[in-house]
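Written below as structure tokens is the structure these notes are about.
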2 protein chains.
Amino acid sequence: MIKVSVMYPNTPGARFDHDYYRDKHMPLVKARMGAACKSYTVDKGIAGGTTGGPAAYVSMCHIFCDSVEAFNAAFGPHTKEIMSDLPAFTDQQPVIQFSEVVVG
Amino acid sequence: MIKVSVMYPNTPGARFDHDYYRDKHMPLVKARMGAACKSYTVDKGIAGGTTGGPAAYVSMCHIFCDSVEAFNAAFGPHTKEIMSDLPAFTDQQPVIQFSEVVVG
């Protein structure tokens, strides 16, 4: 199992509509990916670590798939539609990474 | 529910012992936190996003707790022991953040 983490930087003044992200954007991603998206999680940044500063990321999602290839096959054809939805909820460019799920 | 994300930067040449992290460090964290740690996940970075570059983080863990206060109460007394274990598996300083679990 792999996880695709999409992490939106919490730059000062970052715009992020958490409701739209939860209610519109992520359901769109799930709908387009279909069964290849096994599940996904959504996080809302609260605070940074021991220093008590701001969270590094205003929001994160993690999309679970069988493999990187499965993700690419399901997401690829819809990349333009999904990415063009970003301005509807944020002015941030996400940091994206693929990870192996070591402990799930 | 909240999630504490501990993200180890994937700087060039970063040292990270994934086996130790999975088999020793995270079980230590769980043992010290007890029931306050509802569960945790561990990720191993594979690759970056659409550019195909390296993953931003060589490894991440996400620790699930009822609240920030519950995390702090359970982790706090063991901070020194747990943090002093870091050199056993990495030379990186993690980015840590607290998040609200919006979709779990």
Side-chain angles (χ1 to χ4, degrees), chain A residues 1-10 16 18-19 21-23 25-27 29-30 39-64 67-69 71-72 75-76 79-80 82-83 93-104, chain B residues 1-10 16 18-19 21-23 25-27 29-30 39-64 67-69 71-72 75-76 79-80 82-83 93-104:
Chain A
M1 184 79 75
I2 65 101
K3 169 189 289 191
V4 183
S5 298
V6 184
M7 303 173 279
Y8 294 88
N10 191 21
F16 200 92
H18 292 279
D19 290 343
Y21 191 61
R22 178 194 63 212
D23 297 338
H25 183 74
M26 289 307 301
V29 172
K30 171 63 180 162
S39 64
Y40 66 85
T41 64
V42 174
D43 308 335
K44 178 180 180 177
I46 297 172
T50 49
T51 60
Y57 299 103
V58 62
S59 182
M60 295 190 259
C61 78
H62 307 278
I63 298 169
F64 293 82
S67 66
V68 174
E69 293 71 24
F71 173 85
N72 286 335
F75 191 93
T79 300
K80 188 174 176 183
I82 292 171
M83 297 308 285
Q93 284 298 313
V95 176
I96 302 171
Q97 90 165 51
F98 293 89
S99 300
E100 175 189 337
V101 175
V102 174
V103 176
Chain B
M1 185 80 75
I2 65 101
K3 169 190 288 191
V4 183
S5 298
V6 185
M7 303 174 278
Y8 294 87
N10 190 21
F16 200 92
H18 292 279
D19 291 343
Y21 192 60
R22 178 193 62 211
D23 297 338
H25 183 74
M26 288 308 301
V29 172
K30 171 62 181 164
S39 65
Y40 66 85
T41 64
V42 174
D43 308 334
K44 178 180 180 177
I46 297 173
T50 48
T51 61
Y57 299 102
V58 63
S59 181
M60 294 191 260
C61 80
H62 305 278
I63 299 168
F64 294 81
S67 65
V68 174
E69 293 70 25
F71 173 84
N72 286 334
F75 191 93
T79 300
K80 187 174 177 182
I82 292 171
M83 296 308 285
Q93 284 297 314
V95 175
I96 302 171
Q97 90 165 52
F98 294 90
S99 301
E100 175 189 336
V101 175
V102 174
V103 177

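Quick caveat: nothing in here was measured; it's all calculated off a predicted structure. What you see below is based on every heavy atom in this structure, not just the backbone, and it leaves out hydrogens, waters and symmetry mates. Residue numbering restarts at 1 for every chain, and letters A, B, ... go by the order of the sequence lines.
For chain A, no part of B:His18 is nearby; none of its heavy atoms comes within less than 4.5 Å. For B:Met26, no part lies near chain A; criterion is any non-hydrogen pair under 4.5 Å.
Residues B:Val101 and B:Val103 form no side-chain contact, since every pair of their non-hydrogen atoms from C-beta on lies 4.5 Å or further apart.
Ranked by non-hydrogen atom pairs under 4.5 Å with chain A, the options B:Ser99, B:Ser39, B:Pro54, B:Ala56 are led by B:Ser99.
The aromatic rings of B:Tyr21 and B:His25 sit parallel to each other, their planes meeting at less than 30°, with 60° as the upper class boundary.
Ring pair A:Phe98/A:Phe71: centre-to-centre distance below 6.0 Å.
For the residue pair B:His62 and B:Ser5, a side-chain donor N or O sits within less than 3.5 Å of a side-chain acceptor on the partner.
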